[in-house]
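Report on the following structure.
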Number of protein chains: 2
Amino acid sequence: MDGIDRKLLGLLQEDASRTNADMAEEVGLAPSSCLRRIRRFKSTGIIDRIVAILNPAKAGKGTKAIVTVELERHGEQHARRFLDLVIKEPAVMQAYSVSGETDVVLMVRVADMEEFDALCLRLFQDGSNVARYYTMFVIRTAKEATAIPL
Amino acid sequence: MDGIDRKLLGLLQEDASRTNADMAEEVGLAPSSCLRRIRRFKSTGIIDRIVAILNPAKAGKGTKAIVTVELERHGEQHARRFLDLVIKEPAVMQAYSVSGETDVVLMVRVADMEEFDALCLRLFQDGSNVARYYTMFVIRTAKEATAIPL
DNA sequence: ACAACTATGCAATAGTATTGCATAGATCTG
DNA sequence: CAGATCTATGCAATACTATTGCATAGTTGT
């Protein structure tokens with residue numbers, strides 16, 4: 001993992017649709033050498049996957065909410081049961097167990113309030129082990145990057 | 001935007017490194033027709049970009065934190081000034097103005113606590129208009145998708 | 001019912017990734 | 001320190017893939 005590797009990963013995190021020859025020139029390598037490094041990234045798992053990032057508004061999912069959840073019963077078993085429930089929902093894009101006041105944080109993408117309401121009914125119904133939940137609706141997205149700093 | 005479009009966008013959100021011919025067969029189109037649809041996604045902006053998603057741990061940024069921020073002085077001018085400050089930090093991957101108890105939510109990726117500490121010193125110093133901030137460290141990532149449900 | 005527009009498939013072409021091979025550099029070993 | 005081993009590199013040939021022109025079929029609007 002040298003400077004060229006970091007530069008390449010940076011380029012790929014910004015735009016993975018560029019041609020290999022193009023990126024090779026930018027980092028100062030021959031196309032074949034460049035390609036072999038990129039392939040190594042994939043085989044070692046540093047690059048997890050190559051994906052298309054959609055524009056949320058144009059994809060009809062313009063509403064984003066951050067939901068913090070306080071569980072009723074804590075402990076491994078109960079926590080896992082709730083998480084297993086939420087990760088099945090496509091609208092729940094991220095789900096984290098966290099330290100602090102609450103136990104779980106969910107990042108949710110929906111079309112509108114109606115869809116959000118329906119989701120909450122499914123996730124926070126009686127028996128889903130949720131004591132309370134707090135919703136923060138995203139008013140403005142100042143930054144939404146996928147690139148990890150290197 | 002028909003069923004084939006949604007199927008294609010789904011495939012591209014999962015794996016954008018597949019060959020066009022491959023995906024064309026899966027959705028039941030000729031390669032040329034499939035390619036034209038994908039190109040249209042890009043030109044209309046439904047597809048924002050194609051990127052490499054890195055494995056955070058293997059990229060040396062294994063620590064993630066969700067930071068909620070309460071501003072000292074509210075209002076457009078002051079809020080924007082703080083956001084302009086935070087979006088410059090590569091470690092701040094997402095930054096949102098939100099409704100609710102706090103004003104801003106940051107999603108932060110760092111290597112370790114030392115790096116997090118240094119970041120906080122830069123972001124929450126005197127004069128940055130922050131009244132309080134609350135940090136939730138991610139203990140377990142149950143789900144971290146980039147795909148928007150269609 | 002006709003015209004205009006759009007999407008499709010085929011086949012030829014252009015562009016790009018991929019591989020084998022010889023070489024240079026780095027690292028290890030006795 | 002010399003020799004051996006391993007790894008990365010560049011070049012050039014090859015294989016693969018995207019891309020385009022064109023004729024056709026389907027759809028929409030008047």
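Below, chain A is the first sequence line, B the second, and so on; all start at residue 1.
A:Tyr96 has its side chain within reach of B:Ile66: a pair of non-hydrogen atoms, C-beta onward, lies under 4.5 Å apart.
When the nucleotides C:dA17, D:dT19, D:dG10 are ranked by their closest atom to the side chain of B:Asn20, D:dT19 comes out on top. Of all nucleotides listed (C:dA7, C:dA17, C:dT8), C:dT8 comes nearest to the side chain of B:Leu29. Out of C:dA7, D:dA18, D:dG10, the shortest distance to the side chain of B:Arg37 is found at C:dA7.
Between C:dT6 and B:Arg36, no contact under 4.0 Å exists linking OP1 or OP2 to a side-chain N or O. When the side-chain nitrogen and oxygen atoms of A:Arg39 are compared with OP1 and OP2 of C:dA17, none of them lie within a distance under 4.0 Å.
Counting any heavy atom pair closer than 4.0 Å across all strands shown, A:Ser32 reaches a base atom. At a threshold of 4.0 angstrom between heavy atoms, the contacts of A:Ser33 include nucleobase atoms, whether or not backbone atoms are also involved.
Between the C1' atom of D:dG26 and the CD1 atom of B:Ile4 lies a distance of 14 Å, rounded to the nearest Å. Rounded to an integer number of Å, the gap from CG of A:Leu35 to C1' of C:dG20 is 14 Å. If you take CD of A:Glu25 and C1' of C:dG15, they are 16 Å apart, rounded to a whole angstrom. Protein atom CE of A:Met1 is 13 Å distant from nucleotide atom P of D:dA8, rounded to whole Å. We find that CZ of B:Arg40 is positioned 13 Å from C1' of C:dT8, with the value rounded to whole Å. Atom-to-atom, CZ of B:Arg18 to P of D:dT17 comes out at 12 Å; the value is rounded to the nearest Å. If you take CD1 of B:Ile38 and P of D:dT17, they are 14 Å apart, rounded to a whole angstrom.
B:Met93 CE to A:Ile148 CD1: the interatomic distance, rounded to the nearest 0.5 Å, is 5.5 Å.
Donor-acceptor pairing under 3.5 Å is lacking for the side chains of B:Ser17 and A:Arg49.
Note on A:Tyr134: it does not cluster hydrophobically with A:Phe137, by side-chain heavy-atom contacts below 4.5 Å among ILVMFWY residues. Under the 4.5 Å side-chain heavy-atom criterion for ILVMFWY residues, a single connected hydrophobic cluster contains both B:Ile38 and B:Ile46.
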